[in-house]
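Below you'll find the structure, written out as structure tokens, and then a few comments.
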Amino acid sequence: MFASASLEGTGPVTVTLCGGYRLDPGRAHPLLRGLPAMIHLPARLGHNTELRTTVELLGKEIDDPRPGADMVVSALLDMLLLYILRAWFDVSMEHCKVDGWATALADPAVSVALDGIHRDPAHPWTVESLGRRAGLSRAAFSRRFTQLVGQPPLTYLTWWRLSTAAHMLRDSDAALSEIAGAVGYGSEFAFANAFKRQYGMAPGKHRRLGCPPAGRTVAGTGSGQADGYAAGFSSRIPPWDG
């Protein structure tokens, strides 16, 4: 994932960190599909201090690995991606350039509903209860959510529940009945039917298959292409004065 190279010349030293995330082709989050091909965040005095700190910590762990470095680097990479997305989102908001799925996160009513779904997928959500949480009538909330997210509220809820279940199947040995309850299904049978409709296979088979097949590797880009194969980042760090 990491490599180093030296070029002859004078002037300040520049370090480039490159990495990538491998994604399930059909399961990338809509937010990733809405990202531009490249995100450029110029260094500005007093801006993005958390991003600078994360980059410095990551560089130190790579240059001088110590016990537990693999775990630390993995966590820092996740933090780096999130801070990059936050910084891009803030800059886009400043210039009124937010569009696509990201507009849902900027909308107070819809973002509150999304937060509820994400935090508690097992809750028996309805369009009406989500609308109350958002402070809107059922009809107004449904229209607004569908317009900004691109899916009706309950369609998105089902997608989130089953995506969460898919991760639990791959990353834990929890029983199917336990996973079904954790994502809001009253029975293992109902969960299995819904999962098969979404994924084309039974939950047990999905668990046995493990991780999705490897997709294309994208390195050195900030790509959220619609095919959903991979998302990556590149951080080019000159001597930082911001």
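One N or O on the side chain of R207 and one on the backbone of L169 form a donor-acceptor pair closer than 3.5 Å. Of the possible polar contacts, one joining the W125 side chain to the D120 backbone as a donor-acceptor pair under 3.5 Å is found. In this structure a side-chain-to-backbone donor-acceptor pair under 3.5 Å is present from S111 to P108.
Relative orientation of the W159 and Y156 rings is tilted, given thresholds of 30° and 60° on the angle between their planes.
I117 CD1 to L157 CG: the interatomic distance, rounded to the nearest 0.5 Å, is 5.0 Å. The distance from atom CD1 of I179 to atom CG of D173, rounded to the nearest 0.5 Å, is 9.0 Å. For the atom pair L130 CG and H123 NE2, the distance stands at 8.0 Å (nearest 0.5 Å). Put simply, OG1 on T53 and CG on L57 are 6.5 Å apart, with the number rounded to the nearest 0.5 Å. Note that CG of L209 and CZ of R170 are 10.5 Å apart. Values are rounded to the nearest 0.5 Å. To the nearest 0.5 Å, the span separating CG on L162 from CD on Q198 amounts to 5.0 Å.
R144 and D107 make their closest contact through NH2-OD2, 2.8 Å (heavy atoms, listed as atom of the first residue, atom of the second, distance). Between A182 and M168, the shortest heavy-atom contact is CB-CE, 4.0 Å. When all heavy atoms are compared, the tightest approach of S163 to Y199 is CA-OH, 3.5 Å. The two residues P203 and A192 come nearest to each other via the heavy atoms CG-CA, 3.9 Å.
Inter-residue side-chain proximity for S142 and P153 is flagged as met; some heavy-atom pair is nearer than 4.5 Å. Residues V149 and V110 have side chains in contact (heavy-atom distance under 4.5 Å, counting atoms from C-beta outward). You'll find the side chain of E61 reaches within 4.5 Å of the side chain of L76, heavy atoms only.
One finds no salt bridge joining K60 and E56 here, because no Lys/Arg side-chain nitrogen approaches an Asp/Glu carboxylate oxygen to under 4.0 Å. At a threshold of 4.0 Å, the pair D115-R133 counts as salt-bridged, since one of the basic side-chain nitrogens sits closer than that to a carboxylate oxygen.
T126 and S129 share a donor-acceptor pair across their side chains, judged by distance under 3.5 Å alone.
Under the side-chain hydrogen bond (donor to acceptor under 3.5 Å, both in side chains) criterion, the residue pairs touching residues 70-83 are Y21-D78, with sequence neighbours excluded.
Crowding of R138 atom CZ: a count of heavy atoms from other residues, nucleotides or ligands under 6.0 Å not exceeding 12.
Each of L136, L114, T155 was compared with F145 under the side chain to side chain contact (heavy atoms under 4.5 Å, CB included) criterion, and only L114 meets it.
In this structure, the ring pair (Phe, Tyr, Trp, His ring centres under 6.0 Å) partners of Y185, at least two apart in sequence or on a different chain, are F191.
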